[in-house]
Amino acid sequence: MKLHHSLPAFLTLLTPLTTAKCTLSPHAQDLFNYSMSINDPRFDTSYKFISYPDKGPWSTRFTCWYVAGLLQRNDVEDLENAKGALEGILGTQYTNEEDYGEVWYGTWKLSPDQPTPTPDSELYPPSIYNTYDPNWREFIGTQLVQIVEEFSDLIGENLVSRIVKAMEIQAIGAMRRNGTEGDNLVTAYTNPALMRALTVGWVGVRTQNQTYTDFANNEGEMITQLFRESGNAFSEYNALTYYGEDIWALAASIKYGPANQTLTKNAPFMLGALWDDIAEHYNAYLGNFVGPYDRANSRDLTQHSAILPLWFWGLFGYENAPEPNKMELDLLFDATQGASFALVMETIKSHINPQTLAKILTPPTSTEERFLTKTLRESLYNDTTRTTTSYLSRNLMIGGQQFAEEVVRGKQFVPVIVHWAADPNHMPFPYIGFFSLYPTATTIDAVASKNGLSIRYPNTTQPGTDRFEFMLSGIPPGWNLEGNVVDGFERLPCLDVNVTARGLRRLPTRYGEAIYNQLYYNVTYVAEGNFTGVPEIELGFMYTC
């Protein structure tokens with residue numbers, strides 16, 4: 001592989017550098033620089049693609065994010081590489097006539113070496129989010145919108161025209177998605193729904209296609225209505241990675257969306273309200289958000305990256321952001337998008353209430369407490385709701401969710417989580433201990449209160465209601481090295497836990513399993529063989545450090 005920045009010295013001398021396209025704030029510039037520093041060595045100049053095993057040897061999505069950084073940096077070699085990368089990206093879109101009726105039409109290959117899905121053979125059978133990803137229409141599409149709006153003078157009319165054509169094809173595939181036949185893009189699936197409304201509306205205005213603009217306006221209206229009817233919250237709630245993409249979509253809509261589009265008009269309100277809710281849930285002392293989380297890879301942001309804290313970095317600086325060390329593997333993945341984020345940072349800052357900004361940066365006092373409740377609607381077409389409850393203090397946070405569903409949401413779903421400062425002497429943030437409930441059941445009543453948590457399985461006809469399976473992590477090394485051993489919740493550093501579990505038996509504690517690279521102790525309570533009634537466990541907490 002050839003490394004980026006390999007122009008011969010004599011050519012560099014003969015070709016003067018130009019200046020960056022946009023002026024960034026110092027914090028946004030720092031995020032931009034970090035993003036480019038991890039992407040530059042990944043860029044394969046032979047193929048003009050980022051070499052990274054995201055979904056194959058190269059990543060189409062990572063490459064598109066990188067192009068924005070190359071164009072912003074705007075030197076001679078960067079411009080050449082950016083144009084070459086755009087040529088390659090446009091060539092990976094599924095545009096063949098034989099694919100026109102297929103669900104992957106208009107999306108992009110995950111990696112340029114990937115075959116087209118083959119529904120009639122075993123070569124590469126179509127599998128959503130595996131052999132193809134329909135959301136890449138939106139990830140790559142929104143990035144192409146930014147590239148055209150910010151840098152059309154650099155890439156030239158021919159590439160702009162080809163991008164607009166690609167966005168028309170993208171829109172056709174995107175508009176077909178309605179949550180049926182194996183697809184899951186409904187209004188409540190917030191982050192791709194927002195990006196779809198932006199991209200389809202943008203190309204509709206560009207091409208004066210009323211079908212596209214009508215679709216985008218309708219989607220924007222439904223997203224806004226569901227947001228309002230959920231108490232000014234997105235149905236994909238408290239999702240620390242996907243909130244990052246929501247913010248991207250809203251900021252891009254404000255800065256690049258057509259002025260008369262519904263989403264463009266409503267994005268400032270939703271962006272401001274989203275940040276208000278983020279500030280309520282954030283604990284600047286612990287460097288984490290109180291749960292529960294609808295979708296989360298990281299349970300402790302100071303150790304494992306998520307996308308939302310990248311916005312903190314660009315707004316407040318790395319030192320004030322809940323980020324792990326700069327070589328952490330998840331951060332090396334997430335920050336790939338940092339250069340494009342930096343270009344809309346001032347748009348975001350101008351739409352956050354100053355009181356909200358101050359709240360984010362101010363740690364809770366030793367006596368401060370917050371009690372948060374939110375009722376979330378799942379759809380405009382039914383009355384299904386979920387209720388979240390959260391308790392936040394300086395050293396302890398508790399979150400739970402009440403819901404009744406039929407399908408297990410998967411390992412990203414965190415309906416119950418408790419955080420505490422397991423080592424308050426660890427800085428810049430205390431070392432975080434946490435435990436979360438792995439959702440074996442699909443109907444759960446989990447309610448957080450001051451220093452307390454109750455969890456019930458009211459529908460015992462569903463599988464998984466015979467056990468409460470907790471994942472416990474974040475035990476400080478010194479505590480272990482002193483000879484202490486985790487045995488359920490009975491002895492934990494800085495936290496006393498009182499457990500009431502009638503008719504339940506605790507299994508032996510196990511250590512060594514992992515979820516998203518986080519090793520944890522398994523603490524499981526199971527129903528006795530003759531148990532009748534509603535399985536329930538109550539936990540009381542006292543912080544002791």
Side-chain angles (χ1 to χ4, degrees), residues 55-56 60-61 92-111 114-142 166-201 203-204 209 211-212 214-223 225-226 234-236 239 242 245-246 249 263 294-295 376-384 386 403-413 442 462:
K55 299 287 185 178
T60 309
R61 177 175 59 165
T92 65
Q93 190 181 30
Y94 292 118
T95 61
N96 294 334
E97 289 185 10
E98 57 266 30
D99 293 324
Y100 181 79
E102 304 291 355
V103 290
W104 54 85
Y105 181 75
T107 195
W108 276 267
K109 290 186 177 185
L110 307 176
S111 179
Q114 179 183 52
T116 299
T118 55
D120 300 321
S121 82
E122 293 301 312
L123 173 64
Y124 201 53
S127 173
I128 190 170
Y129 301 124
N130 294 304
T131 56
Y132 71 94
D133 191 328
N135 291 345
W136 283 35
R137 293 187 188 96
E138 284 68 46
F139 282 118
I140 293 173
T142 53
M167 294 295 287
E168 288 189 89
I169 296 170
Q170 180 258 5
I172 292 170
M175 290 165 60
R176 292 172 177 167
R177 300 183 68 189
N178 60 6
T180 65
E181 299 180 2
D183 177 57
N184 64 334
L185 182 46
V186 294
T187 309
Y189 190 10
T190 307
N191 76 92
L194 285 167
M195 290 189 281
R196 177 172 65 175
L198 168 59
T199 55
V200 174
V203 78
N209 185 311
T211 299
Y212 296 163
D214 288 346
F215 178 90
N217 281 325
N218 184 60
E219 290 296 299
E221 182 59 42
M222 289 194 297
I223 292 167
Q225 183 180 346
L226 191 59
F234 288 124
S235 299
E236 192 176 37
Y242 301 98
E245 296 304 331
D246 295 341
L263 181 58
D294 271 3
R295 299 180 70 188
L376 308 166
R377 287 197 63 184
E378 285 295 287
S379 171
L380 296 172
Y381 305 108
N382 61 48
D383 295 326
T384 302
R386 295 174 292 122
F403 59 96
E405 298 178 345
E406 298 296 329
V407 178
V408 176
R409 287 178 174 242
K411 63 182 182 179
Q412 283 189 326
F413 186 40
T442 57
Q462 294 177 331

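Start at 1 with the first residue, then count along the sequence. What's counted below: heavy atoms across the whole structure, side chains too, no hydrogens, waters or symmetry copies.
Applying the ring pair (Phe, Tyr, Trp, His ring centres under 6.0 Å) criterion to Tyr100, with sequence neighbours excluded, gives Tyr105. Among residues two or more places apart in sequence or in another chain, the ring pair (Phe, Tyr, Trp, His ring centres under 6.0 Å) test is passed with Tyr242 by none. With sequence neighbours excluded, no residue forms a ring pair (Phe, Tyr, Trp, His ring centres under 6.0 Å) with Tyr189.
Side-chain contact between Pro119 and Glu102 is present, with heavy atoms from C-beta onward closer than 4.5 Å. Contact of the Trp108 side chain with the Gln170 side chain is registered, since non-hydrogen atoms from C-beta on lie closer than 4.5 Å. Residues Met222 and Asn218 form a side-chain contact, since some pair of their non-hydrogen atoms from C-beta on lies under 4.5 Å apart. Side-chain contact between Glu181 and Val103: absent, with no pair of heavy atoms (C-beta onward) separated by less than 4.5 Å. Within the 4.5 Å cutoff, side-chain heavy atoms of Pro134 are placed close to those of Tyr129. Between Thr199 and Tyr212 the shortest side-chain heavy-atom distance does not fall below 4.5 Å.
In this structure, Ala216 and Ala197 approach most closely via the heavy-atom pair CB-O, 3.4 Å. The minimum heavy-atom distance between Asp294 and Ser235, with the atom names listed, is OD2-O, 2.8 Å. Shown here for Ala249 and Leu198, the closest heavy-atom pair between the two residues is O-CD2, 4.2 Å. Of all heavy-atom pairs between Pro192 and Leu185, the closest is CG-CD1, 3.7 Å. Minimum heavy-atom separation, Gln93 to Ala166: NE2-O, 2.9 Å. Closest approach of Tyr94 and Pro115 over heavy atoms only: OH-O, 3.5 Å.
Within the 3.5 Å criterion, the main-chain N or O of Thr131 finds a donor-acceptor partner in the side chain of Gln114. With Ser111 contributing its side chain and Lys55 its backbone, the two residues share no donor-acceptor pair below 3.5 Å. With hydrogens and angles ignored, the 3.5 Å screen pairs no side-chain donor or acceptor of Glu219 with any backbone N or O of Arg196. Between the side chain of Thr442 and the backbone N or O of Glu405 there is at least one donor-acceptor pair closer than 3.5 Å. The backbone N or O of Ile172 sits nowhere less than 3.5 Å from a side-chain atom of Arg137 that would complete a donor-acceptor pair.
Atoms CD1 and CG, on Ile223 and Asp246 in that order, are 9.5 Å from each other to the nearest 0.5 Å. Put simply, OG1 on Thr142 and CG on Asn191 are 10.0 Å apart, with the number rounded to the nearest 0.5 Å. Between the CD1 atom in Ile169 and the OG1 atom in Thr107 there is a gap of 12.0 Å [rounded to 0.5 Å]. The distance from atom CG of Leu110 to atom OG1 of Thr60, rounded to the nearest 0.5 Å, is 7.0 Å. The CG atom of Asp133 lies 9.0 Å from the CD atom of Glu138; values are rounded to the nearest 0.5 Å. The line from OG1 of Thr190 to CD of Glu236 is 5.0 Å long, rounded to the nearest 0.5 Å.
Annotation: Asp383, atom CG; neighbour count of heavy atoms from other residues, nucleotides and ligands within 6.0 Å does not exceed 12. Heavy-atom contacts from other residues, nucleotides or ligands closer than 6.0 Å to OH of Tyr381 number 12 or fewer.
A donor-acceptor contact under 3.5 angstrom links the side chains of Arg177 and Asn135, judged on distance only.
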May I have the step-by-step check of side chain to side chain contact (heavy atoms under 4.5 Å, CB included) for Asp183 and Ile128, ending in yes or no? CA-CA 8 Å; Asp183 177 57; Ile128 190 170; 4.2 Å; yes

Under the side chain to side chain contact (heavy atoms under 4.5 Å, CB included) rule, what do Phe234 and Leu194 come out as? Steps first, then yes or no, please.
-> CA-CA 11 Å; Phe234 288 124; Leu194 285 167; 4.0 Å; yes

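The pair Arg295-Glu245 does not meet the salt-bridge criterion, since no charged nitrogen lies less than 4.0 angstrom from a carboxylate oxygen.
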